[in-house]
Amino acid sequence: YAERYAALVSSTQLTCLHFMDCAMPHNVVYHMFSMTHHFCTLQNLRIGLTDAFWNNVEFVGWALRKGALHRVVSRCPNLVELELYNALDPDYSSDVTALEQLTGLSKLALVGDCVKDDSITSLTQLGLPALRDLEIVSSILDPHTAHIRVPPSPHGVLQLRKMTQLTQLV
């Protein structure tokens with residue numbers, strides 16, 4: 001399956017790529033952004049599952065596992081908007097440090113189990129001078145009530161206050 005998804009992104013002229021609500025095979029994003037392709041024109045990337053989709057499908061694995069976010073960032077150095085919805089494996093939430101390379105990033109959505117105090121702290125320490133629009137929402141998977149969104153902890157909120165350049169925070 002990974003090869004088929006990789007073929008979808010074979011165009012090096014892409015400026016926008018959205019993979020939302022696709023039950024992609026395990027770690028396919030890692031293969032899509034292979035070491036042989038650079039996506040210098042890609043400015044908008046959206047990957048993940050909306051809560052409505054998440055609650056109605058059998059879990060197939062995280063789109064971004066260990067090292068995948070680093071690979072995506074290194075292959076797409078000119079991203080302006082990056083939206084990850086329930087895409088980043090919570091065991092690798094510290095991978096958000098890879099975003100430091102995206103100096104032109106103005107919009108970031110980080111939603112899912114990966115949003116923890118340590119990932120929020122890491123995010124606030126990156127600088128990201130162009131970042132103006134941030135959506136950061138933690139969520140938990142409850143087998144009885146499906147996916148529930150929860151706000152960041154009080155510590156996380158204090159950390160977010162350090163990001164004074166933001167004009168929009170969701």
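All residue numbers in this chain count up from 1 along the given sequence.
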* If Ile, Leu, Val, Met, Phe, Trp and Tyr residues are connected whenever their side-chain heavy atoms lie under 4.5 Å apart, and connections chain through other members, are Leu126 and Leu169 in the same group? -> yes
Output for pair (Arg71 CZ, Asp95 CG), nearest 0.5 Å, gives 13.0 Å
Q: Spell out, as yes or no, whether a donor-acceptor pair under 3.5 Å connects the side chain of Asn78 to the backbone of Cys40.
A: yes
To the nearest 0.5 Å, atom CE of Met163 lies from atom CG of Leu134 at 5.5 Å
The reported gap from CD1 in Ile136 to CG in Leu84 (rounded to nearest 0.5 angstrom) is 11.0 Å
Residues at least two apart in sequence or cross-chain that pass side-chain contact (heavy atoms from CB on, under 4.5 Å) with Val157, listed by chain then number, are Pro152
Residue set satisfying side-chain contact (heavy atoms from CB on, under 4.5 Å) with Glu83, at least two apart, ordered chain then number -> Asn44, Arg46, Glu81, Tyr85, Lys107, Ala109
Residue pairs meeting salt bridge (Lys or Arg N to Asp or Glu O under 4.0 Å), one or both in residues 158-167, sequence neighbours left out, come to none
For Arg132, the salt bridge (charged side-chain N to carboxylate O under 4.0 Å, His left out) test, sequence neighbours excluded, returns none
Minimal heavy-atom distance between Cys76 and Leu42, with the atoms involved, is SG-CD2, 3.7 Å
Heavy-atom nearest pair, Gln165 first then Leu128, reads NE2-O, 3.3 Å
What one should report as the nearest heavy-atom pair of Leu123 and Val96 is N-CG2, 4.3 Å
Between the CG atom in Leu131 and the OG1 atom in Thr167, the distance rounded to the nearest 0.5 Å is 8.5 Å
Is there a side-chain contact between Ile47 and Leu17 in this structure, where contact means two heavy atoms from C-beta onward sitting under 4.5 Å apart?
no
Taking every heavy atom of His70 against every heavy atom of Ala98, the minimum-distance pair comes out as ND1-CB, 3.2 Å
Those residues at least two apart in sequence (or on a different chain) that pass side-chain contact (heavy atoms from CB on, under 4.5 Å) with Leu102 are Val73, Leu79, Leu82, Leu99, Leu105
Nearest heavy-atom approach of Pro77 to Ser74 is CD-O, 4.2 Å
Checklist entry - Taking the side chain from Thr41 and the backbone from Leu14, do they hold a donor-acceptor pair closer than 3.5 Å? => result yes
With sequence neighbours left out, the residues meeting side-chain contact (heavy atoms from CB on, under 4.5 Å) with Thr121 are Gln125, His155, Gln159
- [ ] Check the pair Val115, Val137 against side-chain contact (heavy atoms from CB on, under 4.5 Å), reporting the backbone distance first and the verdict last.
- [x] CA-CA 7 Å; Val115 178; Val137 181; 6.0 Å; no
